[in-house]
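To keep things clear, I will list the structure first and then write my remarks on it.
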Amino acid sequence: MKNLIAGEEFNTAFQPILCLAEGETIGFEVLNRPKSTNHFPTTEDFYSYIGKTNNVFKIEGFLRNLSLKRYAEQVKVPDSPEDGLIFLNVQPQVLMDTAYRSGTTLDLLEKYGISPDRVVLELTEKEAVTDYESFEKIIDNYRRQGFRIAIDDAGTGYNSLKTILSLKPEFIKIDKFLIRDIHLQPAQQQLVSLLMEFASQSDTFIVAEGIETVQELRFLKTLGIHYGQGYALGRPAPELKRGKMEEYALAW
């Protein structure tokens, strides 16, 4: 693990997030994948190990810095879509760690010339948030600094209705298992429709993750889903590359 960090031996990829109504790329999720080793043959192995150690805080800080550094390197390229949102994965316990210094992320953004109002902190923790009162105060502090909040993988793990209601995120990212073959699954359609109804009443945007087919894309657009992400729209790539909604114009 120390060798991976010391050598920055991570592949960073950027996956586009598109507005389904307009077909425009509104931002990118930054993904960091460690290079395969005997100890960590897969990305899942690495992050699973980190989650069981006391190194979560250290790793999160390193990966956040690496994400912003590599994003900043990309926007120096002519014609890069540098004005979009940046979705950064963050585990809630890191924000709540007493060692976490308020303003650390702001310092990084200033270093790379990125405004905090372009950054969406995407909460990825798989365990439940238990101290909602304290966590809400932490989230409010980030909002005052300009950051926005996304709840990842809605419909699985810790993402209970209580979490969504308490944190009032600007974005709710619906897990891919609810999106897979949604045009054929009435139960999934009903749940996604309920999330859309909630979003319309709470100034929240819905992002459908894991869109892989034209049929899924067509149905989600019919539902009025705001944004989408998935292989049908654009695969993670080492460079900032806009999504390809235009290739699916026949879907609507």
Side-chain angles (χ1 to χ4, degrees), residues 3-37 40-44 46-47 59-90 105-122 124 146-148 150 152-153 171 173 176 179 205 207-214 216-217 220 226-249 251:
N3 289 338
L4 287 171
I5 293 174
E8 293 189 354
E9 295 183 17
F10 288 75
N11 295 315
T12 300
F14 308 93
Q15 186 167 29
I17 298 172
L18 276 67
C19 171
L20 297 190
E22 306 292 336
E24 294 294 325
T25 298
I26 61 100
F28 296 85
E29 179 178 354
V30 186
L31 304 166
N32 290 297
R33 298 165 177 165
K35 294 182 179 179
S36 179
T37 67
F40 308 119
T42 70
T43 299
E44 290 72 22
F46 177 80
Y47 285 108
I59 296 296
E60 284 272 342
F62 164 76
L63 292 176
R64 184 171 55 254
N65 195 351
L66 186 66
S67 296
L68 293 172
K69 173 186 175 182
R70 291 183 173 172
Y71 183 92
E73 291 171 349
Q74 287 290 317
V75 299
K76 295 177 182 178
V77 178
D79 300 322
S80 290
E82 65 267 25
D83 294 326
L85 299 174
I86 309 167
F87 285 72
L88 297 178
N89 294 308
V90 179
T105 305
L106 281 177
D107 292 342
L108 287 173
L109 293 175
E110 183 177 0
K111 176 180 179 180
Y112 296 119
I114 300 171
S115 172
D117 61 10
R118 290 179 50 208
V119 176
V120 181
L121 301 178
E122 187 171 322
T124 61
F147 297 97
R148 286 177 258 193
D152 192 23
D153 299 332
F171 299 90
K173 301 188 76 175
K176 61 184 178 183
I179 302 304
F205 295 104
V207 182
E209 296 186 291
I211 304 173
E212 294 189 355
T213 69
V214 170
E216 293 167 354
L217 189 56
L220 292 167
H226 306 110
Y227 304 121
Q229 179 179 359
Y231 286 179
L233 303 176
R235 292 175 177 267
E239 67 282 341
L240 293 177
K241 185 177 180 181
R242 293 184 184 276
K244 52 182 181 178
M245 180 76 81
E246 65 277 5
E247 296 183 18
Y248 294 89

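Summarising the geometry of Ile26 relative to Cys19, their closest heavy-atom pair is CG2-CB, 4.0 Å, with the distance given to 0.1 Å. The minimum heavy-atom distance between Gly234 and Lys244, with the atom names listed, is N-CE, 4.3 Å. Across Arg118 and Ile114, no two heavy atoms sit closer than the pair NH1-CG2, 4.1 Å. Of all heavy-atom pairs spanning Leu109 and Pro116, the tightest one is CD1-CA, 3.7 Å. The two residues Leu18 and Gly243 come nearest to each other via the heavy atoms CD1-CA, 3.6 Å. Here the closest non-hydrogen pair linking Ala150 and Val120 is CB-CG1, 3.6 Å.
Note: Phe10 CZ to Thr43 OG1 = 9.0 Å, rounded to the nearest 0.5 Å. Taken to the nearest 0.5 Å, the CD1 atom of Ile211 stands 5.0 Å off from the CG atom of Leu220. Note that the CD1 atom of Ile59 and the CZ atom of Arg64 stand 12.0 Å from one another [nearest 0.5 Å]. Rounded to the nearest 0.5 angstrom, Leu108 CG and Lys69 NZ are separated by 12.0 Å. Atom OG1 of Thr42 is separated from atom CZ of Arg33 by 11.5 Å, given to the nearest 0.5 angstrom. To the nearest 0.5 angstrom, Phe87 atom CZ is 12.0 Å from Leu31 atom CG.
With a 4.5 Å cut-off on side-chain heavy atoms, Gln15 and Tyr231 count as touching. Between Pro41 and Phe46 the shortest side-chain heavy-atom distance does not fall below 4.5 Å. Thr12 has its side chain out of reach of Gln74: every pair of non-hydrogen atoms, C-beta onward, lies at least 4.5 Å apart. Under the 4.5 Å side-chain criterion, counting only non-hydrogen atoms from C-beta, Leu20 is in contact with Leu233. Side-chain contact between Thr25 and Lys241 is absent, with no heavy-atom pair separated by less than 4.5 Å. Inter-residue side-chain proximity for Tyr71 and Tyr112 is flagged as unmet; no heavy-atom pair is nearer than 4.5 Å. At least one side-chain heavy atom of Asn89 sits less than 4.5 Å from a side-chain heavy atom of Glu29. Side-chain contact check for Leu85 versus Arg148: some heavy-atom pair is nearer than 4.5 Å.
The aromatic rings of Tyr227 and Phe171 sit tilted, their planes meeting at an angle between 30° and 60°.
Under a 4.0 Å N-O distance rule, the pair Glu9/Lys35 does not qualify as a salt bridge.
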